[in-house]
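Report on the following structure.
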Amino acid sequence: MYRTHTCGELRIENINNEVTLAGWVQRIRDLGAMSFIDLRDRYGITQLVIDETTDSSVAKQLEGLGREFVIQAKGTVRERSSKNKNIPTGEVEIALSEIKVLGPAEIPPFTIQDDTDGGDDLRMKYRYLDLRRNPVRENLVLRAKMAHAVRSYLNSKDFIETETPVLIKSTPEGARDFVVPSRMNEGQFYALPQSPQTFKQLLMVAGFDRYYQIVKCFRDEDLRADRQPEFTQIDCEMSFVEQKDVLDTFEGLTKYMFKETLGVEVEDFPWMPYSEAMEKYGSDKPDTRFEMLINDITETVKGNNFVVFDSAEYVGAICAKGCANYSRKQLDGLTKWVQRPQIGAKGLVYVKCNEDGSFKSSVDKFYSQDDLKVWAEKVGAEAGDLILVMSGGKEKIQGAIGELRLEMGNQLGLRDKDTFKPLWVVDFPLLEWNEESQRFHAMHHPFTSPKSEDIALMDTDPGKVRANAYDLVINGVEIGGGSVRIFDSAMQAKMFSLLGFTKEEAQAQFGFLMDAFKYGAPPHAGIAFGFDRLVSLFAGLDTIRDVIAFPKNNSGRDVMIDSPSPVANEQLDELNLKLNLKEKE
RNA sequence: GGUGGCGUAGUUCAGUUGGUUAGAAUGCCGGCCUGUCACGCCGGAGGUCGCGAGUUCGAGUCUCGUCGUCACCGCCA
């Protein structure tokens with residue numbers, strides 16, 4: 001038996017027990033005639049003592065012992081003469097009678113402590129050491145608890161957990177596929193699923209009625225702090241339901257997860273149309289923890305010979321409460337911030353609403369105090385507030401001022417990580433025009449049904465058609481999305497035609513789905529949550545890397561196992577593949 | 001594909017206008033220490049300043065390229 005107890009469980013009641021512990025050496029404190037060892041496992045830390053009562057052979061075994069050695073320690077539990085109130089085991093210690101090295105350790109490249117000295121790069125290279133640290137392990141424990149909550153909730157609602165294949169077919173729509181060459185089918189490739197979308201719809205045709213899966217999905221696109229090439233979704237589909245049924249079910253799931261894992265009660269989720277989100281927040285994933293809504297002041301500001309505004313399609317403003325005291329330097333900083341290429345605004349106009357009721361703006365040449373007073377009323381600004389104005393193309397400026405709004409929210413501390421504001425964004429457009437390919441793309445995916453009242457528009461003005469599509473947004477993070485699906489093969493064919501597919505292409509790519517719909521397809525709808533994002537949100541983190549045991553870096557590499565990597569020529573031969581690497585110039 | 005930040009001791013970082021032998025903390029090694037728990041005290045070792053070119057009398061510092069890494073834009077149905 002390697003151990004009788006864990007390193008986190010001994011208490012004052014265990015005094016005089018003979019115990020055996022096993023774990024990692026956290027720290028050795030050598031005081032000369034006596035030494036202390038902190039022994040660590042995932043349950044906690046227990047202090048081992050060597051003093052004048054300890055057999056000299058044991059003391060000898062301490063020579064060469066270092067941090068992160070795995071040892072087994074036998075001894076007697078005794079009360080400490082000086083207690084440590086900071087740890088649960090702090091009232092007791094183990095008087096050592098025997099110690100044995102189970103696994104020696106080299107000096108670790110960074111400290112295994114809550115506040116490690118290791119940088120991200122090094123932590124990822126030695127991720128197995130990083131995972132020994134409490135904060136990282138706690139994230140993964142939270143993840144496990146959340147996955148458990150998902151299963152227990154959905155199981156209780158009669159959902160059937162079903163696995164779908166990972167080797168599937170590449171399709172041109174959506175993200176780039178990861179492809180896998182097939183040895184047995186020369187020159188042909190599988191693709192890894194971007195989502196189990198078509199399979200879960202086929203399960204509905206199969207009569208499963210309620211399906212879910214916590215499932216890995218793959219997208220070969222560039223990474224971000226919240227995007228990994230392989231990621232996990234809570235994927236669901238339901239039959240004989242309308243949009244409200246899906247939203248109610250998954251609002252219930254989300255609330256259950258908040259309650260079970262964080263002990264947090266969240267209010268009912270409001271529904272916000274996509275158009276309202278864009279108008280008021282400049283984003284389809286609004287952070288509703290704070291107001292500072294965007295105001296359309298296009299008409300208000302016209303006609304004062306200020307060419308920039310007069311010629312602008314759209315002029316938008318936000319009101320930053322209590323920021324009239326912003327210095328020239330701060331305002332210049334904001335201007336510079338919106339002028340960065342990532343935002344790409346030309347400039348930023350400000351109006352300070354002074355405490356004495358006067359106004360000071362960067363456009364005083366063009367606008368009188370009375371003009372500015374009208375602006376202030378329009379945006380709800382009071383004395384002490386700062387109005388920030390941007391102008392240009394409508395969509396671009398809404399997006400830019402939405403970004404500025406978030407930045408101001410950060411600066412003013414309005415984005416508290418312990419506050420959770422979920423909402424449903426609904427009525428997304430069905431299609432969006434893609435300049436590059438000069439055709440419509442499905443905003444959600446090609447299986448999304450149009451709103452029944454907009455179906456006529458599909459022939460006249462497809463860009464105006466709204467979809468039965470919805471996103472769950474929490475604190476400005478897109479947690480998940482879904483839609484009521486098309487379940488009629490004729491409508492599905494029409495959709496493919498709108499997306500520029502020929503009949504033959506649609507049949508070749510998705511014929512199996514349209515065929516299935518011919519054999520009795522129930523009305524169905526579904527949703528998928530980004531599980532990694534949800535865990536990182538719960539954990540208060542900005543990156544999903546720390547809620548994934550072995551994540552990839554920015555370039556899609558696993559620096560620990562050093563992948564991706566070349567394969568042997570023999571492997572390529574078996575697959576009938578030949579590399580065609582481009583020469584670097 | 002693009003924009004920006006970073007790259008100096010095992011690690012995290014500092015390094016002034018380009019100027020003598022590149023520093024700190026921590027870790028590591030050695031010594032001392034009977035109640036520590038971030039133990040303390042004393043001493044020591046440890047550097048291809050990512051790599052390559054250029055400018056210069058002189059480059060950690062400036063320029064260009066390159067590699068790595070991070071954040072973002074594009075992209076992500």
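This structure is a prediction, so every number in the text was calculated from the model and none was measured.
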Show the numbers, then the answer: is there a side chain to side chain donor-acceptor pair (under 3.5 Å) between A/Ser195 and A/Gln233?
CA-CA 8 Å; A/Ser195 89; A/Gln233 287 196 340; 5.0 Å; no

Of all the nucleotides listed ([options]), which has the minimum atom distance to the side chain of [X]?
X	options	result
A/Ala225	B/rA71, B/rU69, B/rG35	B/rA71
A/Arg227	B/rU34, B/rG1, B/rC76	B/rC76
A/Ala175	B/rG35, B/rU69, B/rC76	B/rC76

Could you pick out which residue, A/Phe447 or A/Val49, lies toward the 5' side of RNA chain B when each is mapped onto its nearest nucleotide?
A/Val49

Between A/Asp38 and A/Arg29, is there a salt bridge with N-O shorter than 4.0 Å?
yes

Looking at every strand, decide which applies to [X] at a 4.0 Å heavy-atom threshold: base, sugar-phosphate, or nothing.
X	value
A/Leu31	base
A/Arg545	sugar-phosphate
A/Ile45	nothing
A/Phe36	base
A/Pro446	base
A/Arg439	nothing
A/Gln228	nothing
A/Asp220	nothing
A/Lys83	base
A/Ser195	base
A/Gln113	nothing

With rounding to the closest Å, how many angstrom separate the [atom1] atoms on [N] and [M]?
N	M	atom1	result
B/rG23	B/rG44	P	14 Å
B/rU17	B/rU56	C1'	15 Å
B/rG30	B/rU16	P	36 Å
B/rC13	B/rG52	P	24 Å
B/rU21	B/rG35	P	47 Å
B/rG58	B/rG5	C1'	29 Å
B/rG4	B/rC37	P	49 Å
B/rU61	B/rU20	P	14 Å

Does the structure show a Watson-Crick or G-U wobble partner for [N], both distances under 3.5 Å? Name it, or say none.
N	value
B/rU20	none
B/rC33	none
B/rU69	B/rG5
B/rA14	none

Phosphate OP1/OP2 of [N] contacted by [X] side-chain N/O (<4.0 Å):
X	N	value
A/Arg176	B/rG74	no
A/Arg29	B/rC39	yes
A/Arg224	B/rC73	yes
A/Asn554	B/rU69	no
A/Arg67	B/rC28	yes
A/Ser555	B/rU69	yes

So, does the side chain of [X] form a donor-acceptor pair with the base of [N] at under 3.5 Å?
X	N	value
A/Gln342	B/rC72	yes
A/Arg27	B/rU36	no
A/Glu221	B/rG74	no
A/Arg219	B/rC76	no
A/Asp117	B/rG27	no

Mind telling me whether A/Phe510 and A/Phe512 have parallel, tilted or perpendicular rings, with 30° and 60° as the class edges?
tilted

Classify the ring geometry of A/Phe501 against A/Phe496: parallel below 30°, tilted from 30° to 60°, perpendicular beyond 60°.
tilted

For atom [atom1] of [X] and atom [atom2] of [N], their distance in whole Å:
X	N	atom1	atom2	result
A/Ile50	B/rG35	CD1	P	15 Å
A/Ile112	B/rA38	CD1	P	17 Å
A/Arg340	B/rG2	CZ	P	19 Å

So for atom CZ, which belongs to A/Arg176, do other residues, nucleotides or ligands contribute more than 12 heavy atoms lying within a distance under 6.0 Å?
no

Side-chain H-bond candidate by donor/acceptor type, A/Thr6 with A/Asp41, under 3.5 Å
no

Tell me, please, which residues at least two apart from A/Asn554 pass side-chain hydrogen bond (donor to acceptor under 3.5 Å, both in side chains).
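Partners of A/Asn554 by the side-chain hydrogen bond (donor to acceptor under 3.5 Å, both in side chains) criterion, ordered by chain and then number, come out as A/Arg545.
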
